[in-house]
Amino acid sequence: MAMTKRQKFKFLLTIEILTIALLAVVLFFTLKMKDINRQDIDKDNLSIKKDIKGFTNIMLFGVDARESAMRSNSGDTRSDTMILVTINEKTKDVTLTSFYRDYYAYSPHKAGSTSMDALTDKCFDKLTHGYTKGPEEAIKSINMNFDLDVSHYVTVNFIALVRVVDQLGGIELNVKNNAMISEINKYGGEIARKNGESFKKVTKTGVQLLDGYQSLGYARTRKRDSDFNRAQRQREVINKILEKVKSGAGITKLQSIYESITKNMVTNFTNAEILSMLKDVTKYNIRKETNTGYGNGYPYHVSSFTYKGMSSVFSEVPYTDISLLHYNLFNNGVLPEQLQSSSSEGGQATTDNPAPTEEGLGYVYTPTDDVLKITNYLTNIYNENAPQ
């Protein structure tokens, strides 16, 4: 049935209003983007040796720094949180992968001019220490150790998480036991006091709505279990935040969320890149974690012991884990036959092998020479020093 003139008028008026509203939102974010704290990095110095088509890789760093330090880029800070955010550009599926802060990794800064054919322990350090030399060094370490093509990053401090959760009206998390209550109150209260703000204690177990400082305490707690579990909780909190942002209530709070984050972050994203990502925010879907044990925490076959006087994290099978990482991120978890059995070695990680999809087929991982040398060196360390 054809529309009447009145119906056409209402339809066109609605379109015009929506267009004006959209332009207003774009204008707002464009004007506000001058407030973003940016620190560019030299993309030619990131040791990118692969170009992984169809995916965007972003490093999310979490640091314990005040707003003033974020603004001035000052402070010799470590990255307490290192999460690789991998976006499938076609499906908008997002994979979150935590790199354990104590992972014993090749350090470009410490290695200096040492040849990759003459690796020694002086060329290695905990992965978290890379950020003490800035985001460029930290990303270079990630790319060299894991054969990735990361060129963008976002660094946030603890307060960014607190403010976003509060703007969303809290998020629902499962406080499993009394020990976790104690840790949440300890770590959440500690940061609240540092910022001269009040803290509401958690008093019961079970699934409940936690505010910003309580959620921060939940994400930071590790003394009663492990850093591996903590990394898993951090990914859970990010997932809960994205779910709420995608809801109707979350969309209406984008302005206040944006303002909260910009005060407590530093990035090398341009205005155009940020706007491009914002337009797809409701389409993003975080993939279900495909690995058992500690989920998408790297390494999958994890082992920790003291080496050279330093408590560090190692992979039991370094080359296998890097291969699993690539197939999980870029081939929808579908593994070649030779990795099927090795993926379950060590008792910590297996792959569910979801049914192949068109988006998940076709990627074949070929390691670079540098990664082969690094993984061979780490394999020898593990075999010679791991507790029996």
Side-chain angles (χ1 to χ4, degrees), residues 55-62 79-89 91-101 153-158 160-176 180 184 187-188 202 206-222 225-251 253-254 257-258 260-261 265 277-278 280-298 300 325 328-329 332-333 349 351-352 354:
F55 294 85
T56 299
N57 286 307
I58 306 162
M59 275 307 300
L60 174 63
F61 297 108
S79 48
D80 287 334
T81 300
M82 292 172 287
I83 296 178
L84 175 67
V85 181
T86 302
I87 303 173
N88 184 319
E89 295 168 0
T91 66
K92 304 304 178 185
D93 284 340
V94 180
T95 305
L96 303 180
T97 305
S98 299
F99 293 110
Y100 297 130
R101 63 195 304 276
Y153 77 96
V154 177
T155 299
V156 296
N157 62 13
F158 291 156
L161 185 146
V162 172
R163 301 294 185 239
V164 169
V165 171
D166 283 341
Q167 292 288 353
L168 292 171
I171 56 177
E172 284 197 342
L173 296 167
N174 185 14
V175 180
K176 295 183 178 179
M180 184 174 284
I184 290 173
Y187 289 114
V202 175
V207 177
Q208 57 196 284
L209 192 68
L210 299 187
D211 65 22
Y213 281 117
Q214 292 168 342
S215 298
L216 175 61
Y218 179 89
R220 292 193 69 200
T221 178
R222 68 186 175 100
D225 43 37
S226 70
D227 192 42
F228 312 137
N229 296 96
R230 177 174 70 167
Q232 197 169 39
R233 283 190 287 271
Q234 290 169 350
R235 297 193 301 275
E236 179 188 1
V237 167
I238 292 174
N239 198 355
K240 293 286 186 178
I241 289 173
L242 181 58
E243 286 177 358
K244 202 143 189 188
V245 167
K246 289 168 63 176
S247 71
I251 295 299
K253 294 291 184 67
L254 279 180
I257 291 172
Y258 176 85
S260 296
I261 292 177
M265 83 169 192
M277 295 187 72
L278 278 174
D280 290 329
V281 69
T282 59
K283 300 177 183 178
Y284 295 134
N285 176 60
I286 295 181
R287 284 177 60 199
K288 180 181 178 181
E289 301 203 1
T290 58
N291 296 301
T292 59
Y294 299 114
N296 286 354
Y298 191 93
Y300 305 129
L325 173 69
N328 183 40
L329 296 180
N332 202 40
T351 302
D352 290 338

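Residue numbers start at 1 and run along the sequence shown.
Interatomic distance, Leu210 CG to Leu216 CG, rounded to the nearest 0.5 Å: 11.0 Å. Between Leu325 atom CG and Thr86 atom OG1 the span is 7.5 Å, to the nearest 0.5 Å. Going from atom CG of Leu242 over to atom CG of Asn285 covers 8.0 Å, rounded to the nearest 0.5 Å. Remark: Lys244 NZ to Glu172 CD distance equals 7.5 Å, nearest 0.5 Å. We find the OH-CG distance between Tyr284 and Asn88 to be 11.0 Å, quoted to the nearest 0.5 Å.
Within the 4.5 Å cutoff, no side-chain heavy atoms of Phe55 are placed close to those of Leu329. Using a 4.5 Å heavy-atom threshold, the side chains of Glu243 and Ile171 count as separate. Side-chain contact check for Ile87 versus Met277: some heavy-atom pair is nearer than 4.5 Å. Two residues are said to be in side-chain contact when any heavy atoms from C-beta on lie closer than 4.5 Å; Met59 and Leu84 meet this criterion. Looking only at side-chain heavy atoms (C-beta outward), Leu96 and Val85 come within less than 4.5 Å of each other. By the 4.5 Å heavy-atom criterion applied to side chains, Val202 and Gln208 are counted as neighbours.
Ala219 and Val237 get closest at one heavy-atom pair: CB-CG2, 4.2 Å. Smallest separation of non-hydrogen atoms from Gln214 and Leu209: OE1-O, 4.1 Å. Across every non-hydrogen atom of Ala231 and Tyr100, the tightest pair is CB-CE2, 3.7 Å. Considering every non-hydrogen atom in both Asp93 and Arg287, the closest pair reads CB-CG, 3.9 Å.
At distances below 3.5 Å, at least one donor-acceptor pair connects side-chain atoms of Asn157 with backbone N or O atoms of Ala160. Formation of a donor-acceptor pair under 3.5 Å by the Lys240 side chain with backbone atoms of Gly170 is not found in this model. The backbone N or O of Lys283 sits nowhere less than 3.5 Å from a side-chain atom of Asp280 that would complete a donor-acceptor pair. Of the possible donor and acceptor atoms, one in the side chain of Asp166 sits under 3.5 Å from a partner among the backbone N and O of Gly212.
The ring-ring contact (aromatic ring centres under 6.0 Å, His included) search around Tyr218 returns none, not counting sequence neighbours. With sequence neighbours excluded, the residues satisfying salt bridge (Lys or Arg N to Asp or Glu O under 4.0 Å) with Asp80 are Arg101. In this structure, the ring-ring contact (aromatic ring centres under 6.0 Å, His included) partners of Phe61, at least two apart in sequence or on a different chain, are Tyr131.
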### Message
Is there a side chain to side chain contact (heavy atoms under 4.5 Å, CB included) between Leu60 and Thr81? Walk through the geometry before answering.
### Response
CA-CA 8 Å; Leu60 174 63; Thr81 300; 5.7 Å; no
### Message
Between Asn229 and Arg233, does the side chain to side chain contact (heavy atoms under 4.5 Å, CB included) criterion hold? Intermediate values first, please.
### Response
CA-CA 6 Å; Asn229 296 96; Arg233 283 190 287 271; 3.8 Å; yes
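Of the candidates Ile241, Leu173, Ile286, Leu173 is the only one forming a side chain to side chain contact (heavy atoms under 4.5 Å, CB included) with Glu236.
Within 6.0 Å of the NZ atom in Lys92, the count of heavy atoms belonging to other residues, nucleotides or ligands exceeds 12.
There is no side-chain donor-acceptor pair under 3.5 Å between Thr97 and Asn296. Between the side chains of Ser98 and Gln232, not a single donor N or O lies within less than 3.5 Å of an accepting N or O.
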